[in-house]
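Everything below concerns the one structure shown next.
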Amino acid sequence: MIIEPRTRGFICITSHPKGCERSVLNQINYIKSKGKIEGPKKVLVIGASTGFGLASRITSAFGSNASTIGVFFEKPPAEGKTASSGWYNTAAFETEAHKEGIYAKSINGDAFSNEVKQQTIDLIKKDLGQIDMVVYSLASPVRTHPTTGMRHKSTLKPIGGSYTNKTVDFHTGEVKEITIEPSAGDDIENTVTVMGGEDWEMWIDALKKENLLSSDFKTVAYSYIGPKLTEAVYRKGTIGKAKDHLEKTAFTITDSLKDINGKAYVSVNKALVTQSSSAIPVIPLYISLLYKVMKESGVHEGCIEQIHRLYSERLFINDTPLDSKGRIRIDDWEMRDDIQEKVAALWKEATTESLPTLGDLEGYNTEFFNLFGFKYDEVDYSLESEEVIDIPGLQ
Ligand code: NAD
Ligand code: NA
């Protein structure tokens with residue numbers, strides 16, 4: 001069929017297999033151009049199909065020749081209906097990995113469930129024996145708790161009072177004020193339950209119990225801090241409470257891994273256009289200004305550049321540098337004073353009329369559609385494309 005982008009709200013409900021393949025090949029080529037990393041050899045990536053998780057899987061496989069198992073939650077294709085982009089990304093990734101003799105298998109299902117954990121355990125036992133790294137990169141709006149069966153929803157709300165600021169609808173370019181009402185009831189608890197560290201810890205506990213973690217095992221989960229501008233809705237909002245919990249959980253997990261000299265890290269990453277960040281109010285305006293400033297300063301990075309730096313300059317060197325709270329920082333360039341001062345100044349001036357020149361609205365828009373395999377110059381979108389594509393190593 002001929003596949004075109006169709007948007008609903010801030011998301012795109014179609015995706016293009018050729019464009020997703022392009023995106024994956026670009027990331028693989030980037031990693032190959034950087035040479036070998038003395039990194040992990042057998043890796044489980046939870047949230048492996050898009051964003052930072054996909055970049056981690058690609059960096060593991062093509063940077064240090066690692067066998068990878070990927071876990072994700074994606075919509076399979078059907079006749080006349082495209083899959084979600086993470087499905088096509090994974091199909092392209094596995095095809096390339098297998099061509100080079102690199103082991104890659106995947107599990108599509110709810111990572112929060114006991115069933116998917118058990119399925120993953122069985123696959124590791126059968127194929128890999130032990131693993132030396134787990135990347136935890138889930139971003140989900142909901143979690144069904146495996147013991148209580150309760151379904152929790154995460155929210156993106158300020159705490160204590162309503163918050164008013166500018167935002168942009170990046171589809172229309174309209175800059176306007178929005179007011180977000182503060183959290184109420186169980187919003188904080190629910191958000192911590194979905195996006196905090198409990199599930200990460202459950203994964204590591206379950207794997208350790210089965211003796212599937214090798215000595216010197218490492219695990220990393222991803223967090224975000226960001227500037228004052230977005231603090232009320234991000235770091236000091238409901239999602240920030242979940243990130244506080246995730247960051248604390250790293251220490252609990254490290255304690256539980258003492259006997260195998262294992263270590264759990266949180267890496268604070270840069271703000272990037274992903275399916276998750278597009279859904280957060282105010283953040284798209286911030287990102288479009290940030291991109292402009294970082295590109296002009298020559299320090300812009302996407303997911304793959306970020307994760308390459310995480311592996312080669314943080315995780316797999318002798319003394320992993322940490323901040324005063326024990327976290328890895330690869331948001332260091334985003335948070336540089338000169339970058340933040342420029343963004344803050346532009347923020348004041350940004351209007352519907354001025355944003356296209358003040359900010360990188362076009363870059364934002366292109367990257368957003370790239371997430372779904374659209375707007376790649378190398379792809380001819382007028383051609384018919386097969387929509388039903390298999391993931392070769394899907395279990
Ligand atoms: P993303 O939406 O691109 O990726 C989310 C992944 O989780 C996908 O692979 C998806 O399939 C998987 N997933 C979601 N629900 C699942 C479920 N129930 N079971 C199995 N898999 C499931 O998101 P992302 O932006 O790459 O975010 C990953 C992590 O990085 C998050 O913790 C996020 O907070 C963090 N982070 C993001 C940014 C940013 O700007 N995007 C910045 C810093 C940190
Ligand atoms: Na991810």
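Each ligand, and each atom within it, is numbered from 1 in the order the structure gives.
Side-chain N or O atoms of Q395 include one that pairs as donor or acceptor with a backbone N or O of G393 at under 3.5 Å. E100 places no side-chain N or O within donor-acceptor distance of the main-chain N or O of I102, the cut-off being under 3.5 Å.
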Next item on the list: Determine, step by step, whether H16 and F372 satisfy the ring-ring contact (aromatic ring centres under 6.0 Å, His included) criterion, reporting the C-alpha distance in whole Å, the side-chain angles of both residues, the deciding distance to 0.1 Å, and the verdict.
Entry: CA-CA 6 Å; H16 202 286; F372 305 92; over 10 Å; no
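Atoms of ligand 1 lying under 4.0 Å from any heavy atom of G51, numbered from 1 in the order shown and given with element: 3 (O), 26 (O). Within ligand 1, the atoms closer than 4.0 Å to a non-hydrogen atom of S140 are 15 (N), numbered from 1 in the order shown. Close approach of ligand 1 to L272 is summarised as follows: ligand atoms under 4.0 Å from at least one heavy atom of the residue are 39 (C), 40 (O), 41 (N). Per-residue contacts place A271 under 4.0 angstrom from the following atoms of ligand 1 (heavy atoms of the residue considered): 40 (O). Of all atoms in ligand 1, listed by their number and element, those nearer than 4.0 Å to a heavy atom of S276 are 1 (P), 2 (O), 23 (O). Listed by atom number, the atoms of ligand 1 under 4.0 Å from S137 heavy atoms are 5 (C), 6 (C), 7 (O), 28 (C), 29 (C). Each of the following atoms of ligand 1 lies closer than 4.0 Å to a heavy atom of F112: 18 (N). Counting the atoms of ligand 1 from 1 in the order shown, those under 4.0 Å from a heavy atom of S223 are 43 (C), 44 (C).
In summary, the side chains of E247 and S223 do present a donor paired with an acceptor at a separation below 3.5 Å, with no hydrogens or angles considered. A side-chain donor from one of W200 and T219 sits under 3.5 Å from a side-chain acceptor of the other.
The side-chain contact (heavy atoms from CB on, under 4.5 Å) test with R314 is passed by exactly one of L322, V220, I328: I328. Put simply, the residue from Y291, Y286, F368 that forms a ring pair (Phe, Tyr, Trp, His ring centres under 6.0 Å) with F170 is F368. When each of L207, D199, D110, I46 is checked for a side-chain contact (heavy atoms from CB on, under 4.5 Å) with K117, only D199 meets the rule.
Considering both main-chain and side-chain atoms, Y224 never comes within under 3.5 Å of ligand 1 through any nitrogen or oxygen pair. At least one N or O atom of A111 sits closer than 3.5 Å to an N or O atom of ligand 1. Considering backbone and side-chain atoms alike, F72 places every N or O at 3.5 Å or more from each N or O of ligand 1. The N/O atoms of F52, backbone and side chain alike, include one that comes under 3.5 Å of an N/O atom in ligand 1.
Contacts classified as side chain to side chain donor-acceptor pair (under 3.5 Å) and involving residues 138-150 (residues at least two apart or in different chains) are given here: R143-E198, H145-T147, H145-E198.
Residues that satisfy the ring pair (Phe, Tyr, Trp, His ring centres under 6.0 Å) test with Y265, not counting sequence neighbours, are absent from this structure.
The heavy atom nearest to atom 22 (C) of ligand 1, considering only L138, N269, I107, I239, is found in L138.
With a 4.0 Å cut-off on non-hydrogen atoms, T274 touches ligand 1 through its side chain and not its backbone. At a heavy-atom distance under 4.0 Å, no atom of A221 approaches ligand 1. When non-hydrogen atoms are compared, ligand 1 lies under 4.0 Å from the backbone of K270 (N, CA, C, O) but not from its side chain.
Using a 4.5 Å heavy-atom threshold, the side chains of F316 and E38 count as separate.
The shell of residues lying under 4.0 angstrom from ligand 1, judged by heavy atoms, includes G109.
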